[in-house]
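Each remark here refers to the structure printed beneath this line.
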Protein chains: 2
Amino acid sequence: MNIGEIARRAGVSRSTVSVALSGKRPVSEETRRKIQRVIDELGYRPNASARALANGRTNTIGLVFPPAGNHYTGMQLDFIGSVVEAAAAHDYDVLLSPSGVDSDRSFQRMLGERRVDGAILMEIRLEDDRVDHLAALGFPSVAIGRTAHPEGTWWVGLDHTALAAACVHHLADLGHRRVAFVNRPEQLLRAGYESAHRGLDGFTKAAAERGLTVRTYCCGDDAASGQACLEQILLDDPATTALVTLNEAALGGLYRGLAQAGRHVPRDFSVTGVVAGRWAETVTPQLTAADVPAEEMGRHAVDLLVERIDQPDAPPRHHLLAPPISLRASTGPGTGTPSTETR
Amino acid sequence: MNIGEIARRAGVSRSTVSVALSGKRPVSEETRRKIQRVIDELGYRPNASARALANGRTNTIGLVFPPAGNHYTGMQLDFIGSVVEAAAAHDYDVLLSPSGVDSDRSFQRMLGERRVDGAILMEIRLEDDRVDHLAALGFPSVAIGRTAHPEGTWWVGLDHTALAAACVHHLADLGHRRVAFVNRPEQLLRAGYESAHRGLDGFTKAAAERGLTVRTYCCGDDAASGQACLEQILLDDPATTALVTLNEAALGGLYRGLAQAGRHVPRDFSVTGVVAGRWAETVTPQLTAADVPAEEMGRHAVDLLVERIDQPDAPPRHHLLAPPISLRASTGPGTGTPSTETR
DNA sequence: CAGCACTATCGAACCGGTTCGACAACGCTC
DNA sequence: GAGCGTTGTCGAACCGGTTCGATAGTGCTG
């Protein structure tokens, strides 16, 4: 069923059907009803490809997300879900693009072949050629995270510097003096991932400010790595009494490592960090953490992107979020002399 | 840049450019090189909408996934990731469609407006009108899960009946006599979700076969519900020594509930169930479970769907997976008289 | 009732590709 | 050297919409 068939059955021209549907020109009430009746009868829906071809809009946004190689975290899942919902509210679909090994290929598909009207980029790096590339093209896009030079670009970000610092201050206030930092995997840090860098930065500066003794670690995105990382921490400095982590996927492993070393949380050891709230609540004791507002970030990103698509010349906008630390049950007073009994 | 511009600069007709690109007719080597040079120079890529309109194929598959309302589980995340990768390997994009409150709306968008060549349906119900609808339309689709009458349809499923039964046998072999079953939320069970029903079925039958005393529970998809559910289990029958769960999101809460009731896992209480392997390893002790092969399911689903798109008249195919139980650390001998000390 | 404005509709052109029949140029056979 | 098949290219039609200038019909004004 195409628009010509509808027109024939309603006894009008194709353009009249088009106009009746779009409302861009006046159509008599009688004609409109006649057309509507035929449409309802046949269950007609205009072909998206044809429409996209004619008016240069696909009504689809691209979501460029990290390859499955790095494991997904709960935060990313929540984010994807909220993007899809927010997009639906604006009448947009979401096309997924793995920015994997040959990120160029899928990038070319989405942009070069004009499959999408705009794109949301996840897992931003401080120096990100994708952002630069899109900026040069003037292609509507919103980055999740901010590059080293975010001026003139559109983005929604988490203030990892401030959040990591807040974690440090929280621990310092509790009396902890020897604190470890558990970052994302080394390869991501080396690749320049924004959250890993700014988080490390915020941690290091705040720790220096408070005169803490610190060690920083990179840790794979899985439980086994978390456990190994924790063993290393206690090996390097058994007097460590707390840690801050950005690594959601390693959290379960960190907890396991602590349990096996006989350190009770929070009595002997405090744990905090930056983690999506829903996932902070799955561990026992529940994690005191800066809750990543994935849902809010998704909504903001879509809102900004749609705004930018609608008005290509609007001045750049952004949102920098810094949620407060949610006090749960994984941090407590630091004694300076942790009990070291093994079970 | 469109195909006409390329043709003009290469001094040939539009059809020659098209043919040179598709290779569907012979083109002289010289002409081909001339065209290729111009294309490389200008970075031309054919417009996806125009191509889709012309040959009736969008090269996109739709992934109909559950609304954000039900919390996402790690398994779903892994699944989505693998679908995207497998699709990319077949040169397909993936369009996400929330099958939310007004599932019809997004369904209509994807199918009615021909945005996709085929669809993968998640969260199947025993009686699923979406599956029936698509079958009636003859629209290529693959269901993740099988309906009550899967004959004649394409699907990839997990044998929840067998898996739940395997969990029961594992526990019975260890000597457990009083076992609880923790299912997905009640609203999902009532709505007829396949995994919830078949899992419950397999559990109940196997338990009867082994003469176990059982109670079954529905539990919300979050840690707090898991904790509450566990309290209820011990309240209803303090002599319970083991549980089987399908509810990945509640797992952390179940563990917390056990810890707070002073039941040590696996010494006093055994836990097992059907959970994605990666997530079974995040809890301590690591969960002995039938590992949901989300990655494999995603690959299979895409392979089947692409096959069906390419040959619309092929006979229905399916994959029923029943991974073995991975022995980890959360189950142990059932004493019949559990210790009930509180800490 | 001529002139005008306004409303409703039509037809043609266009978006950017693909497909296919027509045809020219060429080499081969008999 | 007439007849034939092959190869390479072109032009027109088509996919299913949207847009816009042209035009017919209507009611109002002076």
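Convention: sequence-line order gives letters A, B, ...; per-chain numbering from 1. Note that this is a predicted model, so its numbers are computed, not measured. Hydrogens, waters and symmetry mates play no part in the numbers below; they use all other heavy atoms, side chains included.
Straight-line distance from the CD1 atom of Ile39(A) to the C1' atom of dG16(D): 14 Å, rounded to whole Å. Following rounding to the nearest Å, Ile6(B) (CD1) and dT9(D) (P) show an atom-to-atom distance of 17 Å. The CD1-C1' distance, from Ile3(B) to dG11(D), rounds to 14 Å in whole Å. Taking atom CZ on Arg33(A) and atom P on dT9(C), their separation rounds to 12 Å, with Å as the unit. With rounding to whole Å, Arg32(B) atom CZ is found 13 Å from dT9(D) atom C1'. One interatomic measurement links the two molecules: CG of Asn2(A) to P of dC14(D), which rounds to 13 Å at whole-angstrom precision. In this structure, Glu113(A) atom CD and dG17(C) atom P are separated by 10 Å, rounded to whole Å. Leu53(B) places its CG atom 14 Å from the P atom of dC14(D), with the value rounded to the nearest Å.
Taking only side-chain nitrogens and oxygens, Ser28(B) comes nearer than 4.0 Å to OP1 or OP2 of dT9(D). OP1 or OP2 of dT18(C) sits under 4.0 Å from a side-chain N or O of Arg51(B). Within the 4.0 Å cut-off from OP1 or OP2 of dG16(C), not a single side-chain nitrogen or oxygen of Asn47(B) is found. Contact annotation: Lys24(B) side-chain N/O to dT19(C) OP1/OP2 distance is under 4.0 Å.
Below the 3.5 angstrom threshold, one finds a donor paired with an acceptor across the side chain of Ser15(B) and the base of dG11(D). Taking 3.5 Å as the limit, the base of dG11(C) and the side chain of Arg14(A) contain no donor-acceptor pair of atoms between them.
Nearer to the 5' terminus of DNA chain D, by closest-nucleotide assignment, is the contact made by Leu21(A) (compared with the other of Leu21(A) and Arg25(A)). Mapping Gly11(B) and Asn55(B) onto DNA chain D via the closest heavy atom, the residue that lands nearer the 5' end is Gly11(B).
Annotation: Arg114(A), atom CZ; neighbour count of heavy atoms from other residues, nucleotides and ligands within 6.0 Å does not exceed 12.
Here dT9(C) is the nucleotide among dG17(C), dT9(C), dT18(D) with the atom lying nearest to any side-chain atom of Val27(A). Candidate nucleotides dA8(C), dG17(C), dC10(C) were compared by shortest atom distance to the side chain of Thr31(A), and dA8(C) ranks first.
With no hydrogens or angles considered, no side-chain donor-acceptor pair links Tyr44(B) and Arg9(B) at under 3.5 Å. A donor-acceptor pair shorter than 3.5 Å can be found between the side chains of Ser13(A) and Thr16(A). Asp117(B) and Thr58(B) share a side-chain donor-acceptor pair at under 3.5 Å.
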Quiz prompt | side chain to side chain donor-acceptor pair (under 3.5 Å) between Asp128(A) and His133(A), worked out | solution = CA-CA 9 Å; Asp128(A) 203 302; His133(A) 186 208; over 6 Å; no
